Amino acid sequence: MKTGSFSAALGTLEFDLLYEPEQCRLQCCILRAKGLKPMDFNGLADPYVKIHLLPGACKANKLKTRIVRNSLNPTWNESLTYCGITQEDMGKKILRISVCDEDKLSHNEFIGETRVPLRRLKPGERKHFNLCLERQIPLASPSSMTAALRGISCYLKELERCQEWELEERGRIFLALTYNTERGGLVVGIMRCAHLAAMDVNGFSDPYVKTYLKPDVEKKSKHKTVVKKKTLNPEFNEEFFYNISQLELQKRSLEVTVWDYDLGKSNDFIGGVTFGMSSKGECLKQWMDCLSSPNKRTEQWHTLTNELPGSTYAD
C-alpha cells in the first residue's frame, strides 16, 4: 500500500455489493463509516455517500444516501440500486464511492473515496467491503512543472476530455425486439429507461422516446412514446410495429433516441442507440438474435450515448 494515497485518518467505509445478472441489477448497500475526518467547527461532520459508475456521465448515474447529522461514525444501512447493468458493464466499469460533508453555507466538502472494479464481483454473490477512504490526489501546480511537463499535462488533460466526451453516457434503456412472421414485421417494445441525464433546472427531465427505421426516404417510419413528466426513470411499456420483410429488415437500421420535452422551445437530446448490421456489442447481438430467431422476443438493456444520429432531429 502506498503511503499518502490511502489514509485511516480519513475514516473507513463499510458496504456490500451484489450483482444480479438475470435482472441486470447492481445493488449497493451502504452500511456505515467509522472515524471520519472532522469537517465542521464543532469537530463533527454531516456525512452522506454518493456513488457513480466510471467511465460515464456523473450526473446521469449518480446515486446518494441521506445525510446523517453531527456524526463521525454514521450508520446508513441504505440500499442504492443501478438498473440496466449488463455483463459487459461488469467487465469494464468501476464503482466510485465518495463520502462527503454537507455544508449549508457553502459547497459540500469531499471527505474521501474508494473505487471498486466491478469485475471483482461474482454474479449472484454478495461481497462485503470494509475499506480505508482515499483522498483525491491533486495535480501538480503549473508553477512547479517544467515547460515539458506542462505540455504533457495539458495534452493528457485534453486527451482525457476527449475520451470523456466519447464515453459520455446519458442513462440506460430497456428494449424488446421481435420479428413477428404472422404479422410480417418488426415489433419494437419501449419498456423503460433508468438513470437518465437531468436536462432541466429542477434536476429532472420530461423524457419521451422516438424510433426510426432507416433509411427512411419518405419519412414515414417515426414512432413516438408519450412524455413522462419530471422523472429520470420513466416506464413506457409501449410497442411500435414496422411492416417489413425479414430480408428487407437486414438492410435497415433501427434508431432509438430519448429526448427531454420542453414546452415552447426545442427539445433536448438525452441519448440514443442504433441497431443494425454495422452496430457493435449488445446492440448488434440483440439485432442478430431478432433476425435469426423470428417470433422470439429478445429483451436487453442498452447504454444511451451522447452521439446524435446524423439524420435525427427533435420534434
Side-chain angles (χ1 to χ4, degrees), residues 52-63 82-86 89 160-177 188-240 242 252-276 278-284 286-287 300-315:
H52 64 268
L53 294 169
L54 302 173
C58 298
K59 291 182 180 179
N61 65 50
K62 182 179 71 175
L63 301 175
Y82 283 111
C83 297
I85 303 301
T86 64
D89 291 323
E160 184 179 24
R161 278 197 291 270
C162 291
Q163 289 172 336
E164 285 176 354
W165 185 86
E166 291 169 358
L167 293 169
E168 185 177 352
E169 296 178 6
R170 298 293 185 87
R172 306 293 170 108
I173 187 167
F174 188 47
L175 296 172
L177 297 179
V188 181
I190 308 297
M191 312 309 292
R192 58 184 293 211
C193 295
H195 316 298
L196 292 180
M199 307 301 288
D200 299 335
V201 293
N202 62 7
F204 292 96
S205 292
D206 299 321
Y208 66 94
V209 179
K210 291 193 302 180
T211 67
Y212 287 90
L213 201 58
K214 300 294 183 72
D216 183 22
V217 179
E218 297 181 359
K219 296 185 178 180
K220 293 182 178 181
S221 75
K222 184 182 76 173
H223 287 293
K224 186 163 61 172
T225 69
V226 298
V227 176
K228 297 293 183 176
K229 295 290 187 179
K230 199 177 179 182
T231 179
L232 301 181
N233 299 282
E235 293 196 15
F236 298 101
N237 294 315
E238 295 189 41
E239 284 191 347
F240 304 132
Y242 290 102
R252 303 289 189 94
S253 62
L254 176 70
E255 288 182 1
V256 181
T257 53
V258 184
W259 297 79
D260 170 54
Y261 175 76
D262 282 323
L263 183 63
K265 55 183 180 179
S266 297
N267 298 328
D268 297 318
F269 175 70
I270 296 178
V273 289
T274 301
F275 299 84
S278 60
S279 299
K280 297 178 181 179
E282 297 291 343
C283 290
L284 178 60
Q286 188 175 13
W287 188 249
Q300 181 68 45
W301 282 96
H302 297 280
T303 300
L304 297 167
T305 68
N306 61 331
E307 183 178 4
L308 181 66
S311 53
T312 300
Y313 53 93
D315 62 349

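Fair warning: this is a prediction, and the values are worked out from it, not measured in the lab.
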Rounded to the nearest 0.5 Å, how far apart are OG1 of T86 and CD of E282?
-> 5.0 Å
Of the non-hydrogen atoms in D206 and D260, which two are nearest, and what is the gap between them?
-> N-OD1, 2.6 Å
For L232 and S205 the tightest heavy-atom approach is CD2-N, 3.6 Å
E238 side-chain N/O to V226 backbone N/O, donor-acceptor pair under 3.5 Å | yes
Nearest heavy atoms of V258 and P207, plus distance in Å | CG1-CB, 4.2 Å
With rounding to the nearest 0.5 Å, note down the distance linking CE in M191 to CD in E235.
-> 9.0 Å
Correct closest heavy-atom pair for K229 and Y261 would be NZ-CD2, 3.8 Å
How long is the span from the CD1 atom in I190 to the CZ atom in F240, to the nearest 0.5 Å?
-> 6.0 Å
Under 3.5 Å, side chain of T274 to main-chain N/O of S279, donor-acceptor pair present?
-> no
Given H195 and L63, is the side chain to side chain contact (heavy atoms under 4.5 Å, CB included) satisfied, shown in steps?
-> CA-CA 9 Å; H195 316 298; L63 301 175; 4.3 Å; yes
Side-chain donor/acceptor of D216 to backbone N/O of L213, under 3.5 Å = no
If only atom types and distance count, is the side chain of R170 paired as donor or acceptor with the main-chain N or O of L304 below 3.5 Å?
-> no
Report the relative orientation of the aromatic rings in Y208 and W259; use parallel for angles under 30°, tilted for 30 to 60°, perpendicular for over 60°.
-> parallel
Under the side chain to side chain contact (heavy atoms under 4.5 Å, CB included) rule, what do H302 and F275 come out as? Steps first, then yes or no, please.
-> CA-CA 11 Å; H302 297 280; F275 299 84; 3.5 Å; yes
Rounded to the nearest 0.5 Å, what separation is found between the CD1 atom of I270 and the CD1 atom of I173?
-> 10.0 Å
Non-neighbouring partners of R192 that pass side-chain hydrogen bond (donor to acceptor under 3.5 Å, both in side chains), sequence neighbours left out = none
Where the side chain of T257 meets the backbone of G272, is there a donor-acceptor pair that is under 3.5 Å apart?
-> no
Minimal heavy-atom distance between L284 and G276, with the atoms involved, is CD1-O, 3.5 Å
Any residue meeting ring pair (Phe, Tyr, Trp, His ring centres under 6.0 Å) with F236, in chain and number order, not counting sequence neighbours = none
For A198 and G203, the nearest pair of non-hydrogen atoms, with its separation, is CB-O, 3.3 Å
Quick one: OH on Y242 to OG on S221, what's the gap to the nearest 0.5 Å?
-> 5.0 Å
N/O donor-acceptor pair under 3.5 Å between D200 side chain and N202 backbone | no
Any chance you could measure K280, atom NZ, to S278, atom OG, to the nearest 0.5 Å?
-> 9.0 Å
Are H52 and Y82 close enough that some pair of their side-chain heavy atoms sits under 4.5 Å apart?
-> yes
Which is it for W287 and L177 under the side chain to side chain contact (heavy atoms under 4.5 Å, CB included) test, yes or no, and what are the steps along the way?
-> CA-CA 8 Å; W287 188 249; L177 297 179; 4.0 Å; yes
D89/T303 under side chain to side chain contact (heavy atoms under 4.5 Å, CB included): CA gap, chis, key distance, verdict | CA-CA 9 Å; D89 291 323; T303 300; 4.2 Å; yes
